[in-house]
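Throughout, a chain's letter reflects where its sequence line sits, starting with A, and its residues are numbered from 1.
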There are 2 protein chains.
Amino acid sequence: MGTSGAKPWWRESAPAHNQLQYLELRDRIAAQIQAGVLGVGDRLPSERQLEDGLGSARGTVREALFQLEAEGLIYRRDRSGWYVCPAPILYDPTRSEGFMAYVTAQGRRPETETLSKRLVPAPDAVAGIFGVAEGTPLYDIRRLRSIDGRSVLVERIHVNPDLAPGLIDHSLDGSLTAVLKNAYGVAAARNRIAMKPCAILGDDAETLRARSGSPGLSVIRTSFDPAGRVVEYDQECWRHDAVIVSVDIRVAPPGH
Amino acid sequence: MGTSGAKPWWRESAPAHNQLQYLELRDRIAAQIQAGVLGVGDRLPSERQLEDGLGSARGTVREALFQLEAEGLIYRRDRSGWYVCPAPILYDPTRSEGFMAYVTAQGRRPETETLSKRLVPAPDAVAGIFGVAEGTPLYDIRRLRSIDGRSVLVERIHVNPDLAPGLIDHSLDGSLTAVLKNAYGVAAARNRIAMKPCAILGDDAETLRARSGSPGLSVIRTSFDPAGRVVEYDQECWRHDAVIVSVDIRVAPPGH
DNA sequence: AAGGTAAACTGGACTATACCAGATGGAATT
DNA sequence: AATTCCATCTGGTATAGTCCAGTTTACCTT
């Protein structure tokens with residue numbers, strides 16, 4: 001298997017297993033990733049190289065790439081190229097351990113950037129969650145989180161200032177849950193978590209440097225203190241290929 | 001506003017708010033859905049109608065439709081048209097309540113079709129989960145589940161026959177968890193749930209009548225009995241627009 | 001060695017076709 | 001009334017371009 005002089009894999013002809021061209025291309029590229037010919041973080045040949053190497057139109061090549069993107073095998077960097085995805089991070093939203101901790105524990109390099117922290121009048125939808133009147137002041141924190149230099153998550157957190165006055169003056173680049181606990185003695189007794197596949201849109205897409213409409217995962221975490229008050233309302237928007245949400249639950253014995 | 005004689009909405013001109021045509025179209029269609037002009041289950045004008053109604057090429061119109069599909073606002077029925085999505089179902093995988101029950105409770109009409117139920121030698125990956133040798137016989141059940149006549153979920157369930165001998169002979173069109181409990185006295189004491197956005201591929205795509213590569217949500221539920229043995233290993237593949245996963249968790253008090 | 005600049009490269013957006021196969025609906029048939 | 005059949009409609013796939021705006025790179029200047 002000489003690498004020098006020989007045709008690169010994407011110029012070799014191969015037997016077809018699919019009747020559809022874009023599925024055929026998809027499987028060929030996937031096979032190269034599986035075989036390790038393309039490693040994590042590697043850039044794929046450009047669309048135009050694949051185009052004439054494989055003899056399909058560019059639109060067809062792109063269709064194949066979109067499939068691989070949907071599968072979470074590759075991602076794009078705008079006007080730079082297509083790259084092989086790193087493995088997803090395991091995330092357990094029920095644990096109080098913060099992003100920095102669990103990403104590090106999985107041998108990856110986490111980063112957090114606080115985009116904004118403000119006191120804002122509660123918008124209608126959020127006011128209902130906290131059980132306060134619309135317009136009541138709430139802390140609004142927006143953070144961008146990255147893994148190994150790749151932006152994977154934007155989140156917007158609302159906190160009731162009554163439970164954590166002056167929260168905004170702390171550094172929020174670490175674990176917010178830790179700040180709430182250590183500086184205010186506030187901790188969650190109950191978490192409600194809602195997850196839904198979503199499209200990354202508008203501002204979120206821009207901050208994640210993703211295309212509008214990219215597939216994402218919305219994770220909304222509402223934590224309650226022992227008295228049932230909402231401590232934290234956290235709306236997370238993840239790149240779809242970056243995360244596996246995993247929770248472990250003891251089942252309540254029947255008929256309590 | 002009169003419906004007869006007047007131009008339909010998709011032929012009216014409108015001020016542009018986006019520099020990109022497909023985002024503009026997307027927002028215009030989304031607005032019609034939001035406003036109720038297009039109701040749940042309604043079919044959109046065909047791509048070719050939108051094409052010349054809005055003065056864009058078909059490819060651009062399709063790009064807008066893909067965006068709306070990614071957002072979960074519309075879905076396609078192959079070679080039939082684009083339709084407005086119904087609201088997603090709330091699914092709490094930690095509850096033992098079955099699909100039929102929680103779908104009905106939300107005022108929708110559930111259906112289950114058992115596609116196959118067999119005894120198969122455990123494939124490598126699954127054997128590891130059950131802690132048995134590769135090739136050990138396991139029950140393998142495949143089911144298709146629908147809501148209001150739309151296929152939304154395919155699942156593959158593996159069960160250890162030692163814990164539920166003859167399981168295959170029961171009707172499995174209802175709640176499997178209920179059968180395990182009532183006929184065998186087997187119930188979960190612990191659930192582990194992993195979720196990841198995925199692409200719907202191959203067989204799954206065919207049974208869901210979805211295009212290969214459609215966005216989906218993979219939900220894998222492993223339930224353990226009080227002794228820690230694996231009772232049920234359930235791999236679910238949902239249409240991305242059909243479900244919101246919601247779990248509610250009491251946080252363990254610290255330090256014990 | 002450092003910085004700046006211009007050319008080359010890359011994906012993003014858009015147009016305009018063509019042909020296909022499954023879905024649909026109405027007409028003709030039984 | 002039920003069935004069969006066919007024309008039409010619909011989205012799915014594929015081709016072949018164009019132009020654009022960021023990214024990257026290689027070269028030139030300092």
Listing, residues 147-154 of chain A side-chain donor-acceptor contacts under 3.5 Å, not counting sequence neighbours, or none:
| unit_1 | atom_1 | unit_2 | atom_2 | d |
| --- | --- | --- | --- | --- |
| A:D148 | OD1 | A:R109 | N | 2.8 |
| A:D148 | OD2 | A:R108 | NE | 2.7 |
| A:R150 | NH1 | A:D241 | OD1 | 3.3 |
| A:R150 | NH2 | A:D241 | OD1 | 3.2 |
| A:R150 | NH2 | A:D241 | OD2 | 3.1 |

Just to verify, what does B:E97 make a salt bridge (Lys or Arg N to Asp or Glu O under 4.0 Å) with, not counting sequence neighbours?
B:R95
Can you list everything that forms a salt bridge (Lys or Arg N to Asp or Glu O under 4.0 Å) with B:D203? Sequence neighbours excluded, please.
none
Can you name the salt bridge (Lys or Arg N to Asp or Glu O under 4.0 Å) partners of B:R28, sequence neighbours left out?
none
Nearest-0.5 Å distance, SG of residue A:C85 to CG of residue A:D42:
12.5 Å
For the pair A:H158 (side chain) and A:I129 (backbone), establish whether a donor and an acceptor sit closer than 3.5 Å, ignoring hydrogens and angles.
no
Output all residues satisfying ring pair (Phe, Tyr, Trp, His ring centres under 6.0 Å) with B:Y91, sequence neighbours left out; order by chain, then residue number.
B:Y102, B:W238
Hey, does A:E232 have a side-chain heavy atom less than 4.5 Å from the side chain of A:L176?
yes
Would you call B:D78-B:R209 a salt bridge at under 4.0 Å N-O?
no
Close approaches to DNA chain D from residues 67-80 of chain B, in residue order (heavy atom, under 4.0 Å):
B:R76, B:D78, B:R79, B:S80
Among residues 199-208 of chain A, which residues get a heavy atom nearer than 4.0 Å to DNA chain C?
none
Salt-bridge criterion met for B:E69 and B:R76 (N-O under 4.0 Å):
yes
For A:P88 and B:K196 the tightest heavy-atom approach is CG-CE, 3.8 Å
Give A:R211 one of three labels, base, sugar-phosphate or nothing, depending on what nucleic acid heavy atoms sit under 4.0 Å from its own.
sugar-phosphate
5' to 3' contact window, DNA chain D with chain B (heavy-atom distance under 4.0 Å):
D:dT10 to D:dT13
Could you pull out the closest heavy-atom pair between A:V243 and B:P197, with the gap in Å?
O-CD, 4.2 Å
N/O contacts under 3.5 Å, protein versus nucleotides 14-19 of chain C?
| unit_1 | atom_1 | unit_2 | atom_2 | d |
| --- | --- | --- | --- | --- |
| C:dC14 | OP1 | B:Q21 | N | 2.6 |
| C:dC14 | O3' | B:Q21 | NE2 | 3.2 |
| C:dT15 | OP1 | B:Q21 | NE2 | 3.2 |
| C:dT15 | OP2 | B:A57 | N | 3.0 |
| C:dT15 | OP2 | B:T60 | OG1 | 2.9 |

Strictly below 4.0 Å, heavy-atom distances to any atom of DNA chain D: list the hits from residues 38-47 of chain B, or just say none.
B:R43, B:S46, B:E47
Please determine whether the number of non-hydrogen atoms from other residues, nucleotides or ligands lying under 6.0 Å from atom CD of B:Q49 exceeds 12.
yes
Name all residues meeting the side-chain contact (heavy atoms from CB on, under 4.5 Å) criterion together with A:Q32; count only those two or more places apart in sequence or in a different chain, and write none if there are none.
A:W9, A:V37, A:L38
Tell me which donor-acceptor pairs under 3.5 Å the side chains of residues 56-66 of chain A have, and how far apart each pair is, sequence neighbours excluded?
| unit_1 | atom_1 | unit_2 | atom_2 | d |
| --- | --- | --- | --- | --- |
| A:S56 | OG | A:Q21 | OE1 | 2.7 |
| A:R58 | NE | A:E47 | OE1 | 2.8 |
| A:R58 | NH2 | A:E47 | OE1 | 3.1 |
| A:R62 | NH1 | A:E47 | OE1 | 3.3 |
| A:R62 | NH1 | A:E47 | OE2 | 2.8 |
| A:E63 | OE2 | B:R211 | NH2 | 2.5 |

